[in-house]
Amino acid sequence: MALLGAGVTLAACATPTSSSTSTTTTTTVKPVANCPLTGTPAPNGVPRRPAIAFKVDNYGLGPAPNNARPQSGLDFADIVFEEQVEGSITRYAAVFQCHQPQGLIGNIRSARQVDIGLLSELDSPLLVHVGGIAPVINNIDNSTLVNIDLGNYPQAEVINPNRVPPYADYSTTQKVWRLRPARTVPPAPVFTYSTLPSGGRPSSGVHLNWSFTSDIYWKWNKSTGTWLRYYNVNSGGTPQLQADVLSDGVQNQAQNVVVQVVHITYGPWLENFEGGLEAQAKIAGASGVAYVFRNGRMIKGTWTHGALTSPTIFRDAFGKVIPLARGRTWLELYPDVKAVVPTFPKA
């Protein structure tokens with residue numbers, strides 16, 4: 001449900017006429033709705049449509065175009081969830097509702113079991129993917145997620161001629177929303193927001209070293225008011241860039257980076273022919289440590305998640321809900337066996 005600002009009434013008194021009469025005019029300023037997943041203003045109203053989550057690959061080995069990078073469309077996402085898959089590779093669930101790219105989104109790969117735990121809080125979102133193993137697809141079909149496997153919807157699939165399989169499957173938000181025109185209810189907010197952060201300490205960034213394929217750094221940039229994303233800083237540093245018509249070469253960035261530390265287990269299903277086991281992370285009914293990065297500060301706290309369709313709640317050390325900055329959020333579902341390494345400015 002969209003958040004509405006309060007209406008404001010302005011009264012202006014006209015200059016009295018010679019007959020000593022006066023008139024009063026009243027102007028009503030229409031309230032401006034806020035986008036449910038970013039907290040930013042939606043001057044034309046919140047779009048009457050559901051959230052879409054696109055499964056986007058992040059495999060980074062081998063020369064382009066024989067890997068997943070650079071991706072397209074992520075800089076328009078309201079929320080990006082980053083999850084671990086087999087081999088400590090990461091994959092995204094890029095969520096769009098209020099904002100949408102005019103170009104392609106991709107490359108799109110297969111679904112995972114953890115998507116159900118991550119995305120069920122978004123009021124039955126459309127999950128766009130290309131395939132998946134049978135038990136995962138069965139569980140998605142029995143969840144609140146709407147299964148949009150591009151293999152079953154060729155009218156929504158775009159083959160990118162500049163990429164090679166399996167990194168050539170793309171789509172657009174426009175094509176996917178047209179598949180479910182009767183879905184006109186936007187999701188409820190999952191975060192709370194504030195103009196300024198409360199508590200925490202100044203931070204210049206955070207290092208999340210999933211593996212040599214996903215050695216990730218977020219660095220605070222005061223001039224843009226965002227956290228900028230890099231790979232392999234110790235080897236010289238590579239900005240993570242976009243590759244699409246309208247934002248080619250734009251570095252991925254976000255107003256908020258939320259690190260949700262989870263316990264990952266493996267199995268019971270094989271995910272590939274090399275013997276890689278499905279990476280699982282329990283979300284519903286679970287809790288753990290969390291780090292919220294916003295406005296150049298880090299607030300360490302906890303996360304808790306109740307029922308599957310309820311939102312994850314992030315609280316500080318005093319038990320108060322941690323509000324985010326208005327804007328895009330990257331949520332990192334980070335394994336508890338890895339170190340979260342914040343960096344701090346020199347005193």
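For the side chain to side chain donor-acceptor pair (under 3.5 Å) with Asn58, the qualifying choice from Gln71, Arg109, Glu83 is Gln71, the only one to do so.
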- Task: Go through the steps for Arg91 and Glu86 under the test salt bridge (Lys or Arg N to Asp or Glu O under 4.0 Å), then give the verdict.
- Result: CA-CA 10 Å; Arg91 188 163 293 183; Glu86 61 280 2; 5.2 Å; no
- Message: salt bridge (Lys or Arg N to Asp or Glu O under 4.0 Å) for Glu82 and Arg229? Distances and angles first, verdict last.
- Response: CA-CA 13 Å; Glu82 184 164 19; Arg229 184 174 164 108; 2.9 Å; yes
- Apply the test side chain to side chain donor-acceptor pair (under 3.5 Å) to residues Arg178 and Thr172: give CA-CA distance (whole Å), side-chain angles for both, the deciding distance (0.1 Å), then the verdict. CA-CA 10 Å; Arg178 283 199 293 266; Thr172 68; 5.5 Å; no
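For the pair Lys338 (side chain) and Trp210 (backbone), a donor-acceptor distance under 3.5 Å is present. Of the possible donor and acceptor atoms, one in the side chain of Gln255 sits under 3.5 Å from a partner among the backbone N and O of Arg328. Formation of a donor-acceptor pair under 3.5 Å by the Asp78 side chain with backbone atoms of Cys98 is found in this model. A donor-acceptor pair under 3.5 Å is absent between the side-chain atoms of Lys320 and the main chain of Ile322, judged by distance alone. In this structure a side-chain-to-backbone donor-acceptor pair under 3.5 Å is present from His305 to Ala307. Put simply, the side chain of Arg49 never gets that close to the backbone of Arg183: no donor and acceptor are under 3.5 Å apart. Checked by atom type and distance alone, the side chain of Tyr334 pairs as donor or acceptor with a backbone atom of Asn209 at under 3.5 Å. Without hydrogens or angle criteria, Arg326 side chain to Thr40 main chain gives no donor-acceptor distance under 3.5 Å. Between the side chain of Gln113 and the backbone N or O of Glu278, no donor-acceptor pair lies under 3.5 Å. Panel note: side chain Thr226, backbone Gln253; no donor-acceptor pair is recorded below 3.5 Å.
Note: the hydrophobic cluster containing Ile108 also contains Phe76 (ILVMFWY, side chain heavy atoms under 4.5 Å, direct or indirect links). With hydrophobic clusters built from ILVMFWY side chains whose heavy atoms lie under 4.5 angstrom apart, Ile137 does not share a cluster with Val85. A continuous path of Ile, Leu, Val, Met, Phe, Trp and Tyr side chains, each step under 4.5 Å between heavy atoms, connects Leu308 with Ile283, placing both in one hydrophobic cluster. One hydrophobic cluster, built from ILVMFWY side chains closer than 4.5 Å, cannot hold both Val56 and Val164; they sit in different ones. Both Leu61 and Tyr167 belong to a single network of hydrophobic side chains, linked directly or stepwise wherever heavy atoms of I, L, V, M, F, W or Y lie under 4.5 Å apart.
Val190 places none of its side-chain heavy atoms less than 4.5 Å from the side chain of Thr312. Side-chain contact check for Phe191 versus Pro323: every heavy-atom pair is 4.5 Å or farther apart. Using a 4.5 Å cut-off on side-chain heavy atoms (C-beta onward), Ile105 and Val176 make no contact. Here the side chains of Ser287 and Thr302 are not in contact, with every heavy-atom distance at 4.5 Å or above. Using a 4.5 Å heavy-atom cutoff, the side chains of Ser310 and Glu121 are not in contact.
Applying the side chain to side chain contact (heavy atoms under 4.5 Å, CB included) criterion to Trp227, with sequence neighbours excluded, gives Ser203, Trp218, Trp220, Val257, Phe293. Phe96 meets the ring pair (Phe, Tyr, Trp, His ring centres under 6.0 Å) test with Phe54; sequence neighbours excluded.
Distance check, rounded to the nearest 0.5 Å: CD1 of Ile159 to OG of Ser171 gives 10.0 Å. Taking CZ from Phe81 and OG1 from Thr90, the interatomic distance works out to 15.0 Å, rounded to the nearest 0.5 Å. Here the CZ-NZ distance, from Arg112 to Lys55, works out to 6.0 Å after rounding to the nearest 0.5 Å. Interatomic distance, Asn160 CG to Tyr170 OH, rounded to the nearest 0.5 Å: 4.5 Å. Taken to the nearest 0.5 Å, the CZ atom of Arg163 stands 5.5 Å off from the CG atom of Asn107. With rounding to the nearest 0.5 Å, the separation of CG in Asn221 from CD in Gln251 is 8.5 Å.
Stacking of Arg69 on the aromatic ring of Tyr231 is recorded, both the 6.0 Å distance cut-off and the 45° axial limit being met.
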Taking only distance into account, with no hydrogens and no angle test, what donor-acceptor pairs under 3.5 Å do side-chain atoms of residues 124-132 form with protein atoms, sequence neighbours excluded?
residue: Ser124; atom: OG; partner: Thr144; partner atom: O; Å: 3.2
residue: His129; atom: ND1; partner: Gly131; partner atom: N; Å: 3.3
residue: His129; atom: ND1; partner: Gly131; partner atom: O; Å: 2.7
residue: His129; atom: NE2; partner: Asn147; partner atom: OD1; Å: 2.7

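Counting all heavy atoms, side chain and backbone alike, Leu208 lies closest to Glu332 at CD1-CG, 3.6 Å.
Within 6.0 Å of CZ on Phe344 lie more than 12 heavy atoms contributed by other residues, nucleotides or ligands.
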